[in-house]
Amino acid sequence: MKKILAALTLCGLLLTVPLIKVEQQDFLRIHVRADSNEQTDQQVKFAVKDEVEKLLSDKLQGADTKAEAMQRIEGALEEITQVCNATLDKNGKSYRASVAVKKETFPLRSYGAVALPAGEYDALIINLGSGEGDNWWCVAYPPLCFGGSGGGEIRYKSVLVELINRLRG
């Protein structure tokens, strides 16, 4: 009987409780575009992503707001470009990286339990060469991709999951 009551309560909540709205202006995304879809260009895209991730993990350590994270990234654009180009050189690529922070449209994307709706977001854009190959994207702030960045561990809570756990309890 308890399980039936919990299921009915859950159904009622799903119909009456508004979904938690994710505000696009609260996120700073990152987008790395490969030069082409050739295997070597795709591999170098991930090598660049890994090096940029290391750099941003340090740069964003302790950033408490998106504005602070954006300021730090904008102040490091030259350094980010150098890291990208050094990685391209190391991998035998002659094309260069272009790096900028701007607004860009992203599709719906899930990162674990967090789903970001499609829409326009502020983003660090990294084009490798022509930037016409398949891409990689994630979220730089809050740090859903970069381990150790931000002001500490970020936990996302679900009111619905908490209620279900209480009903079980």
Side-chain angles (χ1 to χ4, degrees), residues 19-158:
L19 294 176
I20 297 170
K21 186 175 179 188
V22 173
E23 296 293 334
Q24 291 148 324
Q25 67 267 15
D26 294 338
F27 292 87
L28 174 60
R29 300 185 74 167
I30 181 170
H31 195 173
V32 181
R33 296 183 184 112
D35 183 58
S36 77
N37 286 333
E38 291 183 24
Q39 184 177 3
T40 59
D41 287 334
Q42 288 297 309
Q43 289 171 336
V44 82
K45 170 189 71 181
F46 286 110
V48 167
K49 185 265 314 175
D50 290 344
E51 293 304 313
V52 169
E53 179 180 331
K54 289 176 195 172
L55 176 65
L56 292 183
S57 290
D58 289 339
K59 294 283 181 201
L60 298 178
Q61 185 68 34
D64 294 324
T65 65
K66 176 190 158 194
E68 186 177 354
M70 281 186 68
Q71 183 179 29
R72 290 180 185 193
I73 287 175
E74 288 170 340
L77 289 178
E78 186 176 321
E79 186 177 0
I80 295 167
T81 303
Q82 289 171 356
V83 164
C84 293
N85 287 333
T87 305
L88 293 173
D89 290 341
K90 181 179 176 182
N91 286 275
K93 298 297 180 182
S94 60
Y95 53 79
R96 301 289 85 194
S98 63
V99 178
V101 175
K102 60 184 180 178
K103 288 202 179 288
E104 184 167 282
T105 301
F106 287 84
L108 169 70
R109 183 75 174 171
S110 294
Y111 302 96
V114 178
L116 297 182
E120 192 172 79
Y121 292 82
D122 289 315
L124 169 63
I125 309 298
I126 300 173
N127 284 315
L128 305 177
S130 69
E132 293 179 6
D134 287 342
N135 57 71
W136 175 89
W137 61 69
C138 204
V139 179
Y141 188 88
L144 298 180
C145 302
F146 303 132
S149 61
E153 181 181 333
I154 291 182
R155 295 182 56 214
Y156 293 91
K157 294 172 33 173
S158 167

Practice prompt. Give a yes or no on whether the backbone of E120 and the side-chain of T105 come within a donor-acceptor separation of less than 3.5 Å.
Written response: no
Worksheet, complete the sentence: Shortest non-hydrogen pair, I30 vs L56, comes out as CD1-CD1, 4.0 Å
Item to complete: Look up atom CD in Q43 and atom CG in D41, then write down how far apart they are to the nearest 0.5 Å.
Response: 9.5 Å
Discussion item. If the threshold is 4.0 Å, N to carboxylate O, is there a salt bridge linking D89 and R96?
Written reply: yes
Worksheet, complete the sentence: Rounded to the nearest 0.5 angstrom, the CG-CG distance for L28 and L60 is 7.5 Å
Worksheet item: How long is the span from the OG atom in S98 to the CZ atom in R33, to the nearest 0.5 Å?
Response: 8.5 Å
Worksheet item: Taking 4.0 angstrom as the limit, do D122 and K102 come out as a salt bridge?
Response: no
Fill in: Spacing of I73 atom CD1 and L124 atom CG [to the nearest 0.5 Å]
5.5 Å
Discussion item. For K93 and T40: C-alpha separation, side-chain torsions, deciding distance, then whether side chain to side chain donor-acceptor pair (under 3.5 Å) applies.
Written reply: CA-CA 9 Å; K93 298 297 180 182; T40 59; 3.0 Å; yes
Worksheet item: Rounded to the nearest 0.5 Å, what separation is found between the CH2 atom of W137 and the CZ atom of R109?
Response: 6.0 Å
Item to complete: Taking R72 for its side chain and Q61 for its backbone only, find out whether a donor-acceptor pair lies under 3.5 Å.
Response: yes
Fill in: Heavy-atom pair with the smallest gap, counting every atom of P117 and L108
CA-CD1, 3.9 Å
Discussion item. Contact between M70 and K66 at the side-chain level, heavy atoms closer than 4.5 Å - yes or no?
Written reply: yes
Discussion item. Is there a side-chain contact between Q42 and Q39 in this structure, where contact means two heavy atoms from C-beta onward sitting under 4.5 Å apart?
Written reply: no
Practice prompt. Quick one: pull up CD in E53 and CG in D58 and give me the separation to the nearest 0.5 Å.
Written response: 11.0 Å
Fill in: Y141-D26 side chain donor-acceptor pair, cut-off 3.5 Å
no
Practice prompt. Count the heavy atoms belonging to other residues, nucleotides or ligands that lie under 6.0 Å from CD of E68, then report whether that count exceeds 12.
Written response: yes
Worksheet entry | Verdict with supporting geometry, V32 and L128, side chain to side chain contact (heavy atoms under 4.5 Å, CB included) | CA-CA 7 Å; V32 181; L128 305 177; 4.1 Å; yes
Item to complete: Return the orientation label for the F106 and H31 ring planes: parallel under 30°, perpendicular over 60°, tilted otherwise.
Response: tilted
Item to complete: Answer yes or no: are there more than 12 heavy-atom neighbours, outside K103 itself, under 6.0 Å from its atom NZ?
Response: yes
Practice prompt. Could you walk me through whether I125 and E104 pass the side chain to side chain contact (heavy atoms under 4.5 Å, CB included) test, one step at a time?
Written response: CA-CA 9 Å; I125 309 298; E104 184 167 282; 3.2 Å; yes
Worksheet item: Is the backbone of S130 close enough, under 3.5 Å, to the side chain of D35 for a donor and an acceptor to pair up by distance?
Response: yes
Worksheet, complete the sentence: Heavy atoms of T87 and V44 approach each other most closely as O-CG2, 4.3 Å
Worksheet item: For the side chain of N85 and the backbone of A97, is there at least one donor-acceptor N/O pair under 3.5 Å apart?
Response: yes
Practice prompt. Please collect all salt bridge (charged side-chain N to carboxylate O under 4.0 Å, His left out) contacts where either partner lies in residues 74-85, sequence neighbours excluded, each pair once.
Written response: K59-E79
